[in-house]
Protein chains: 2
Amino acid sequence: MVARGQARPTLRDVAERAGVSVSTASLVFSGKGPVAEATGERVRAAAAELGFTGPNPLASSLRQGRAGAVGVLVEGRLRMAFRDPFAVAVLDGLAEELERVPTGMLLLGQPTDDVESVVPQLAGLALDAVVFSLCGPGDHPAVDHLAARGIPMFSTGVPSDRRVTQVRIDERGSIREISRYVRDLGHRRVAQVAMPLGPMGEPGPIREELVTDANAQIPSVGRVLGFRDVFGADAPVIQTGDGSSVEGGIIAGRALLDVPERQRPTAIVAQSDVIAAGVVIAAEELGLRVPDDLSVTGFDGVDLPWLPHRLTTMDQQGRERGRIVGRLVRRRLDGTRPRNVVAPATLREGTTTARPR
Amino acid sequence: MVARGQARPTLRDVAERAGVSVSTASLVFSGKGPVAEATGERVRAAAAELGFTGPNPLASSLRQGRAGAVGVLVEGRLRMAFRDPFAVAVLDGLAEELERVPTGMLLLGQPTDDVESVVPQLAGLALDAVVFSLCGPGDHPAVDHLAARGIPMFSTGVPSDRRVTQVRIDERGSIREISRYVRDLGHRRVAQVAMPLGPMGEPGPIREELVTDANAQIPSVGRVLGFRDVFGADAPVIQTGDGSSVEGGIIAGRALLDVPERQRPTAIVAQSDVIAAGVVIAAEELGLRVPDDLSVTGFDGVDLPWLPHRLTTMDQQGRERGRIVGRLVRRRLDGTRPRNVVAPATLREGTTTARPR
DNA sequence: GATTCGACTCGAATCGTTTCGATAGGATGC
DNA sequence: GCATCCTATCGAAACGATTCGAGTCGAATC
């Protein structure tokens, strides 16, 4: 957008050169309205001569009231966020759908130490919709601002807010399904590794007061509830400090497994695949074999080419989820009022689970 | 941007309600020009009452000629692109700098099967600059279009074009350094696994005709040249089919290692850390121990928490690279004409290299 | 008490499109 | 031959802000 040498040609320049009015020239580029073949040719020729690359997107957007961009909100540093292949898969599917509109994806990270800073940032951005992609549970400071601007919001679970259209799975039911699978294999001493339940992710014990039915739609909470539906209200659950990450899984795995054998769980149900991978790594570090000495289940169904196992997991089909969100966004731009969607998740058996010895 | 119920209030509504002119109201929000304390208060109050969330970014951008967004071009599907932690680190650093402007990052993927489709997409987007983030070597179809629009372009190596400001390392020198390290350990049978040298990534042998001094600034080519500076022009090099990925490394690793011992290299120099990780995985699959039976080096210096080794690698400091690009972009927006930058890369010894047996 | 100076406010022009309603002119129907 | 209907084109009014030069008014200066 920076002038190089001289000002960029505008539609007016093109029109003048082609000997037509500005409105006719506009018609040529937008393709709406009838234009004589010869006129169109003349305008295009003039454009080519002047180096006019098409109508100024800013002006066009202003006039049409469409920004041509969808915001994608990511909590914390981008680097952390993109470690989670599930989130990336969702983004991928989203991009796939948005490419066809055409609409760009505007990425917005927010420093963990200054969560509010995203609001002024947002205020300066023209967006047709916002997708919360990798945000932790709890209220999100941007929701009020966006609601006030009338910008439609979408998410795959969090923040959990009436004003945000959700595309989620049955969290509680899904984890219940995989938990039952583990129980039916014969496991009785089973622990869960959760993603952080609250906004402030502290590794270690979870804050039990957050585990309420009212919070059941928050993925991390719903997954604790479903797990305990099967293994009882006292079944041990610890959380990672940094969301869904291999390191978090390793740390949690060590904490659960580096104990006398009698206390050691025979199976660990992780809330995500990468966490599960971390648990597997921690187990092997400690000389335990998976699945002989320890069964591990994941959640998400992502590809982990570096893991020499195929995780038993709930397949959430991240890319398809992203596509669904993308389609909702597109329809919303066309004026359809979107409704929440419940996506499917299916159990996928892998090589990380077996009967206990 | 969709009206909810009724039209959103504009600056004019606010001004009217506060009993001031539009220009004064504008001054209040932009903070430029002197405004009496009382007036400012009145305007802000009116804004609050009307639910005015700030000047329309589109209109503001149009007037000021700044889009408030930087495009980030990614080749192929996002999911593939984000598998490379180095690229993500660069993006992370970039975001860090851009957050302060304020400028958003507009992500643009491009389907591999229709590379040209990015141009019309770009044409509809208002951008202050474009960063090529994860693109393969070769000409990029967007360069001409962006140059015509006068939009400044930046990259960390590719596409290699005079019109693109580059922030790169001394590719050839860096890989030479790590190759010497391997040679000095005593290795003589050494192979390299390269990222694709040409636009069409075919796994397997490289196209030797691309390995020319003229292409030395293309990372994948420069890294072949530097490697051969040390191990000779005949030193074997094969490339992955999909850029920098663990799978690519595994496949290449198998191809190089699943041969009679006498032909097997004692060390493999990979062009990226994730490729190196794949090679390590392939080696261990075949029962080889790293580093005892095989030394492996990476390139990039990224964190691979799931790999039970610390790679010997060239640390490129991706995040800092991204920050440098971000600073260049910012200065460019301020009017400074940027110049190419050569960033440092340093050898980091890990646990994946040793003397040959 | 006239002059000068700031601080504050305002009107109008502008950014580059799109779109609506009007108009001209040729083809068609009767 | 006149009313009717297209088709192609145009002028002007938005879209919602920013910015520049000009104007007002009270206080300070001499």
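The basis for the numbers below is simple: all heavy atoms, side chains too, and nothing from hydrogens, waters or symmetry mates.
- Between the CG atom of B:Leu58 and the C1' atom of C:dC15 there is a distance of 12 Å, given to the nearest Å.
- Taking only side-chain atoms of B:Pro55, from C-beta outward, the nucleotide of D:dT18, C:dT18, C:dT9 with the closest atom is D:dT18.
- Ranked by how close their nearest DNA chain C nucleotide is to the 5' end, B:Ala36 and A:Pro9 are led by B:Ala36.
- Listed pair B:Lys32 / D:dT18 fails the phosphate criterion, with no side-chain N or O lying under 4.0 Å from OP1 or OP2.
- In this model, the phosphate group of D:dT9 is approached by a side-chain N or O of A:Thr39 to a distance below 4.0 Å at OP1 or OP2.
- When the P atom of C:dC8 is taken as reference, atom CD of B:Glu37 falls 10 Å away, rounded to whole Å.
- Contact annotation: the side chain of A:Leu98 approaches that of A:Met105 to within less than 4.5 Å [non-hydrogen atoms, C-beta and beyond].
- One N or O donor and one acceptor, one from the side chain of B:Ser23 and one from the base of C:dG11, sit under 3.5 Å apart.
- Using modelled atom types, one finds no donor on one side chain facing an acceptor on the other under 3.5 Å when comparing A:Gln121 with A:Ser117.
- Nucleotide C:dG16 forms a pair with D:dC15, judged by Watson-Crick or G-U wobble geometry with both contacts under 3.5 Å.
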(message) Before you tell me yes or no, could you show the steps for B:Leu146 and B:Val164 under side-chain contact (heavy atoms from CB on, under 4.5 Å), namely the whole-Å CA-CA distance, both residues' side-chain angles and the distance that decides it to 0.1 Å?
(response) CA-CA 10 Å; B:Leu146 292 169; B:Val164 180; over 6 Å; no
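- For residues 44-70 of chain B, the pairs satisfying ring-ring contact (aromatic ring centres under 6.0 Å, His included) are B:Phe29-B:Phe52, with sequence neighbours left out.
- Summarising the geometry, the separation between CD on A:Glu16 and C1' on D:dC10 is reported as 15 Å, rounded to the nearest angstrom.
- Of all nucleotides listed (C:dT17, D:dA17, D:dC10), D:dA17 comes nearest to the side chain of B:Phe52.
- Of the N and O atoms on the side chains of A:Ser23 and A:Ser26, not one donor lies less than 3.5 Å from an acceptor on the other residue.
- Look at CZ on B:Phe29: it is 13 Å from C1' on D:dG16, rounded to the nearest Å.
- The distance from atom CZ of B:Arg149 to atom C1' of C:dG16 is 13 Å, rounded to the nearest whole Å.
- Ranking D:dA8, D:dC10, D:dG16 by closeness to the A:Val20 side chain, first place goes to D:dC10.
- Distance check: B:Leu107 CG to A:Leu106 CG gives 9.0 Å after rounding to the nearest 0.5 Å.
- Between B:Ser61 and C:dC15, a side-chain N or O to OP1/OP2 separation shorter than 4.0 Å is absent.
- Atom CZ of A:Arg66 is separated from atom P of D:dG16 by 16 Å (rounded to the nearest Å).
- Put simply, B:Ser21 has no side-chain N or O that comes within less than 4.0 Å of OP1 or OP2 on C:dT9.
- Within the 4.0 Å cut-off from OP1 or OP2 of D:dG16, not a single side-chain nitrogen or oxygen of B:Ser60 is found.
- Remark: P of C:dC15 and CZ of A:Arg8 are 16 Å apart, rounded to the nearest angstrom.
- Of the residues listed (B:Arg332, B:Arg330, B:Arg321, B:Arg331), the one engaging B:Glu97 in a salt bridge (charged side-chain N to carboxylate O under 4.0 Å, His left out) is B:Arg330, and it is the only one.
- For the pair B:Ser26 and D:dT18, the criterion of a side-chain N or O lying under 4.0 Å from OP1 or OP2 is met.
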All N/O contacts under 3.5 Å from nucleotides 13-15 of chain D to the protein, with atom names and distances to one decimal?
unit_1	atom_1	unit_2	atom_2	d
D:dA14	N3	A:Arg63	NH1	3.1

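- Considering all non-hydrogen atoms of both residues, B:Arg339 and B:Leu328 come closest at O-CD1, 4.2 Å.
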